[in-house]
Amino acid sequence: MVVEIMQPDSQFQENLSLLVSRFTEAALEQRPNDLVEFAANYFADIRHQNKFFLTSPETLRIERVPSARRKSVRAESIDPAKSDPAKEGDLVVAKTEHQWQRLNRAVSRIYDKLFLYNRLNPKQQEKVKAAMSERHVKANEIVIKEGEEGSFFYIIDSGTFQVYRELGVQEIVLCTHEGSGYFGELALMYNDPRNASVRAVTDGNLWCLHRHAFKATILVERFKQCSEFEQFLRQVPLIISSLSEEEIWRVADCLTSHDYPPNAVIVDQGDEPDGMYFVHSGTVKVTCEGVYVKSLKAGDYFGEVALLSKGVRSATVTAEDPVVIYKLSINDFERLLGPCGDVLSRNIQVYKEERAKLGLD
């Protein structure tokens, strides 16, 4: 007997199932007197970890949320310092031009949901795709079996796939991917056995990334990127004077890198704010109502005024030459930069004084 649960977002259902399962296991194991307080602290910790966290600059370790099964699951560590660039070619899987076109389309359909992948820079993303291989599957073929060790991460190129769990003689269908989607990353991230099975409903094609390539590309590249972010943040007086070591690392884990050519508008006056920006390299100019205000160079930042005042952008920022910008989203800004509040608030007054000197107020 098959019981199907209809959900509008298949990946949401898969993540929700794992999240609830792990919370239940942790609660049963620890038996807290105040379950509500335990739940609040549990999910606050999950939020701060961003599903995974980097424990030190030397070793990348994917940490599981505590559960009753944790002692039976093999933990793995990766030392980026020991990764051999000469062996990166071994991860490359040859593809035809047509295969590259199909892989790029498959990735683009789900790009916004791939939070580990879409935080990588374009060069790192190409490394991930270069390591992927194609797999053809037939209808009713079992791609993933619940309880088994995970070996691959999958992106759907074509076909329909059902994610389900077995409950006695019943199969509980968690979600169905039709023509696009991805699955299999959770077991690789957390070093867990597969928490659900996946069956091909129709013939289809999958793009596969082996667990070793997954760790050597997505996880190690993300680690290297976060290390670069962290080194940069230590050169920003605002950050180094206000945040602890752990807080700096958490900010680094949330930054994204963006390249802008000369004359590109990074933020436009009057726009709704979406984050805070740090200049990693190059120079940008700040203008207000078409009037030049100042230029910013590496180590400077902008965008915080609108976030603090809850208003629209009060100035336009444009690249003067090729620039690299590190961005912290509005949600991460509110969550992580609380200790910088006093310094940032003083910047509002400084900006008002700059506007007054230019006769803009």
Side-chain angles (χ1 to χ4, degrees), residues 7-16 18-19 50-52 62 91-93 95-135 143-144 150 152-161 163 175-189 198 204-211 213-226 228-229 252-261 264 266-267 272 274-275 277 324-332:
Q7 291 291 342
D9 188 330
S10 58
Q11 190 61 36
F12 170 82
Q13 177 61 34
E14 183 177 351
N15 290 340
L16 177 63
L18 180 66
L19 187 66
N50 282 322
K51 295 186 179 180
F52 81 106
I62 303 305
L91 299 175
V92 175
V93 178
K95 300 174 185 66
T96 66
E97 182 178 350
H98 180 59
Q99 285 179 311
W100 270 112
Q101 291 173 349
R102 289 192 292 107
L103 174 56
N104 287 330
R105 282 198 300 267
V107 171
S108 66
R109 290 194 293 261
I110 57 173
Y111 182 84
D112 290 340
K113 297 180 180 180
L114 291 172
F115 78 96
L116 280 178
Y117 176 83
N118 62 29
R119 288 190 176 186
L120 300 175
N121 63 41
K123 184 178 179 180
Q124 292 169 324
Q125 291 177 2
E126 288 302 311
K127 284 185 180 181
V128 175
K129 291 189 290 187
M132 302 196 80
S133 60
E134 187 174 11
R135 174 178 170 180
V143 181
I144 285 177
F152 288 94
F153 163 61
Y154 299 94
I155 293 178
I156 298 171
D157 183 8
S158 63
T160 300
F161 297 83
V163 181
C175 59
T176 301
H177 298 281
E178 296 184 357
S180 68
Y182 63 96
F183 52 86
E185 82 286 2
L186 296 176
L188 304 188
M189 286 171 57
V198 179
N205 291 326
L206 296 167
W207 292 104
C208 316
L209 188 66
H210 191 271
R211 66 181 300 121
F214 180 89
K215 295 176 185 296
T217 56
I218 290 182
L219 300 187
V220 168
E221 290 299 332
R222 178 60 181 160
F223 174 89
K224 292 177 180 177
Q225 187 180 55
C226 284
E228 292 174 2
F229 290 158
D253 189 32
C254 294
L255 291 176
T256 54
S257 179
H258 305 270
D259 298 341
Y260 293 93
I266 302 170
V267 299
E272 292 293 330
D274 61 351
Y277 299 82
V324 177
I325 298 293
Y326 291 165
K327 179 181 178 182
L328 186 68
S329 73
I330 184 171
N331 289 334
D332 291 327

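Since we're looking at a predicted model, the values are computed, not measured.
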Heavy-atom side-chain proximity of [X] to [Y] below 4.5 angstrom:
X	Y	value
Val143	Leu206	yes
Phe183	Ile144	yes
Leu120	Val128	yes
Phe229	Cys254	no
Asn205	Arg135	no
Arg105	Trp100	no
Met132	Phe214	no

Ion pair present between Glu126 and Lys129, side-chain N to carboxylate O less than 4.0 angstrom?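 A salt bridge links Glu126 with Lys129.
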Original post:
Can Glu134 and Arg102 be counted as an ion pair, charged N to O under 4.0 angstrom?
Top reply: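 Looking at Arg102 together with Glu134, the answer is yes, because their closest N to O distance falls below 4.0 Å.
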Write down the atom of [X], the atom of [Y], and the distance for their closest heavy-atom approach.
X	Y	result
Cys226	Ala252	O-CB, 3.7 Å
Cys208	Phe152	CB-CD2, 3.8 Å
Leu188	Leu209	CD1-O, 4.4 Å
Ile156	Gly179	CG2-C, 3.9 Å

Notebook entry, point to check: Does a side chain donor of either Glu221 or Tyr117 reach within less than 3.5 Å of an acceptor in the other side chain?
Noted result: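 Per modelled atom types, Glu221 and Tyr117 side chains form no pair under 3.5 Å.
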Discussion item. Looking only at the side chains, is there a donor atom on one of Gln225 and Arg222 sitting less than 3.5 Å from an acceptor on the other?
Written reply: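 The criterion, which ignores hydrogens and geometry beyond distance, is satisfied for Arg222 and Gln225.
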Results of salt bridge (charged side-chain N to carboxylate O under 4.0 Å, His left out) for [X] - residues two or more places apart only:
X	answer
Glu178	none
Arg109	none
Asp274	Arg313, Lys327

*Begin from the C-alpha positions of Val163 and Thr176 and carry the test side-chain contact (heavy atoms from CB on, under 4.5 Å) through to its verdict.*
CA-CA 6 Å; Val163 181; Thr176 301; over 6 Å; no
Evaluation steps, side-chain contact (heavy atoms from CB on, under 4.5 Å), between Val220 and Lys215: CA-CA 6 Å; Val220 168; Lys215 295 176 185 296; 5.5 Å; no
Kindly compute the distance separating [atom1] ([X]) from [atom2] ([Y]), expressed to the nearest 0.5 Å.
X	Y	atom1	atom2	result
Asn104	Gln99	CG	CD	11.5 Å
Glu185	Ile218	CD	CD1	9.0 Å
Leu255	Asp332	CG	CG	8.5 Å

- Item | Ring centres under 6.0 angstrom apart (Tyr154, Tyr182) |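 Aromatic pair excluded; centres sit 6.0 Å or further apart.
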Query raised in the report: Is the Phe161-His177 ring centre distance short of 6.0 angstrom?
Result: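 Not close enough - the centres of the two rings lie 6.0 Å or further apart.
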Residue list, side chain to side chain donor-acceptor pair (under 3.5 Å) with Asn121, at least two apart or on another chain:
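Testing Asn121 for side chain to side chain donor-acceptor pair (under 3.5 Å), a comparison that skips the adjacent residues, returns Gln124.
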Next on the checklist: Using the side chain to side chain donor-acceptor pair (under 3.5 Å) criterion, which residues pair with Ser133? Sequence neighbours excluded.
Outcome noted: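 Applying side chain to side chain donor-acceptor pair (under 3.5 Å) to Ser133 gives none.
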Using atom types as modelled and distance alone, determine if a side-chain donor or acceptor of Asp259 lies under 3.5 Å from a backbone N or O of Val324.
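It does not hold such a pair.
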Original post:
Tyr277 and Ile266: side-chain contact (heavy atoms from CB on, under 4.5 Å), yes or no, with the steps?
Top reply: CA-CA 9 Å; Tyr277 299 82; Ile266 302 170; 4.2 Å; yes
Exercise. Decide yes or no on side-chain contact (heavy atoms from CB on, under 4.5 Å) for Phe223 and Asp253, but give the supporting numbers first.
Key: CA-CA 9 Å; Phe223 174 89; Asp253 189 32; over 6 Å; no
Checklist line | ring-ring contact (aromatic ring centres under 6.0 Å, His included) against Tyr260, all qualifying residues, sequence neighbours excluded | finding: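 None.
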